[in-house]
Amino acid sequence: MAEPKTLPGANGKRYLLGRVFIWSLLLIAAVLYLGPIYVVLSTSLKDLAEIRAGALLDLPHEMNFAPWREAWSQACIGVRCDGLQPYFMNSVIMSVPSVVISTLIGALSGYALSLFHFRGANIIFALMLFGCFIPFQIVILPMAQTLGYLGIANSITGLIVVHTIYGISFTTLFFRNYYVSVPQELVRAATMDGAGFFRIFWHIMLPLALPIIVVSVIWQFTQVWNEFLFGASFTSGGSQPVTVALNNLINSTTSVKQYNVDMAAALIAAAPTLVVYIIAGRFFVRGLTAGAVKG
């Protein structure tokens, strides 16, 4: 029996209403997420008189980049009045080695745990996985004692060690779950051709792991750059990262509150992670789905 001719039209109407509903939700979510960014950006480009006028959502009458220059190189943080620039460089010096070292160690340990089934491999992986769920507050005291014993307390080197150690659990998890989807025949064939552990890793496994390398780098960079507690606990003065300096800048104003400078400083501190996600965000999603095939 033929279907009534009205059904396709009714189905099309429901489909259209569903699409409108979904796009409406996405639009509302976009406004909620982008609204604060718009307010911060527009405030950073206004002068204080315009801000005091109360026009929070209005565009700047005239683009004013003086707050950005002051936030970068002139704002007073503690007893120093050279802006966020030195602390921004501290975060760069801290983040790059932490990301590279933790990603490389995670790639190597994930490779060993996924493709070489030795006794106790699952126990070791479970213990490393447990490290992903340890709150920062629990490790502050033992970590501070360890950094003191090593003679690297209150230094950027100490922060590099802390972030590298704390990130190994996550990077191992990423790479292990990715490598279990790689056919074992590749490893067997390479072994039969005389390739050893490290040759297989460098020439076969690591080139195949580009999607999960991107995931690991984005994840680690975001975690290290945005982290505040370790920076506030293990450093002081000129060795602080940009997140701690931003907090000190906003909370240590002694004269007129310069909201435009504060907003510019917040955007400067957030810029690297925003750029990373804008450029490589789609690779992050692809890498996560590629690593979720097995494991």
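We number each residue from 1, following the sequence as shown.
Contact of the Met128 side chain with the Leu113 side chain is registered, since non-hydrogen atoms from C-beta on lie closer than 4.5 Å. Counting only heavy atoms from C-beta outward, the side chains of Leu108 and Leu104 never approach each other to under 4.5 Å. By the 4.5 Å heavy-atom criterion applied to side chains, Phe198 and Trp202 are counted as neighbours. Taking the side chain as every heavy atom from C-beta outward, Phe88 and Pro272 approach each other to under 4.5 Å. Leu26 has its side chain within reach of Trp23: a pair of non-hydrogen atoms, C-beta onward, lies under 4.5 Å apart.
Applying the side chain to side chain donor-acceptor pair (under 3.5 Å) test to residues at least two apart or on different chains, the pairs with a partner in residues 58-75 are Ser44-Trp68. Residue pairs meeting the disulfide (SG to SG under 2.5 Å) criterion with at least one member in residues 37-124, sequence neighbours excluded: Cys76-Cys81. Screening residues 200-248 for disulfide (SG to SG under 2.5 Å) gives no qualifying pairs among residues at least two apart or on separate chains. Sorted by first and then second residue, the disulfide (SG to SG under 2.5 Å) pairs with a member in residues 13-70 form an empty list; sequence neighbours excluded.
Ile165 and Phe228 fall into different hydrophobic clusters, where Ile, Leu, Val, Met, Phe, Trp and Tyr are joined by side-chain heavy atoms under 4.5 Å apart, directly or via other members. Note on Val215: it clusters hydrophobically with Leu208, by side-chain heavy-atom contacts below 4.5 Å among ILVMFWY residues. In this structure, Val242 is not a member of the same hydrophobic cluster as Val261, with clusters built from ILVMFWY side-chain heavy atoms closer than 4.5 Å. Linking Ile, Leu, Val, Met, Phe, Trp and Tyr whenever their side-chain heavy atoms come within less than 4.5 Å puts Val40 and Met63 in one cluster. With hydrophobic clusters built from ILVMFWY side chains whose heavy atoms lie under 4.5 angstrom apart, Ile138 shares a cluster with Ile140.
Under the rule for a side-chain hydrogen bond (donor to acceptor under 3.5 Å, both in side chains), Thr171 has no partner lying at least two apart in sequence or in another chain.
Looking at Trp225, its side chain does come within 3.5 Å of a backbone N or O of Ala269 through a donor-acceptor pair. Using modelled atom types, no side-chain atom of Asn260 and backbone atom of Pro67 make a donor-acceptor pair closer than 3.5 Å. In this structure, the side chain of Ser42 engages the main chain of Val39 through a donor-acceptor pair within 3.5 Å. No donor-acceptor pair closer than 3.5 Å links the side chain of Tyr33 to the backbone N or O of Ile28. A distance-only check finds a donor-acceptor pair linking the side chain of Glu227 to the backbone of Phe230 [under 3.5 Å]. The main-chain N or O of Val92 is never found under 3.5 Å from a side-chain atom of Ser95 such that the two would form a donor-acceptor pair. Looking at Asn90, its side chain never comes within 3.5 Å of a backbone N or O of Ile156 through a donor-acceptor pair.
Through direct or relayed side-chain contacts under 4.5 Å between Ile, Leu, Val, Met, Phe, Trp and Tyr, Ile37 connects to Leu34.
With no hydrogens or angles considered, a side-chain donor-acceptor pair links Thr103 and Ser216 at under 3.5 Å.
With rounding to the nearest 0.5 Å, the separation of CZ in Arg188 from CG in Asp193 is 14.0 Å.
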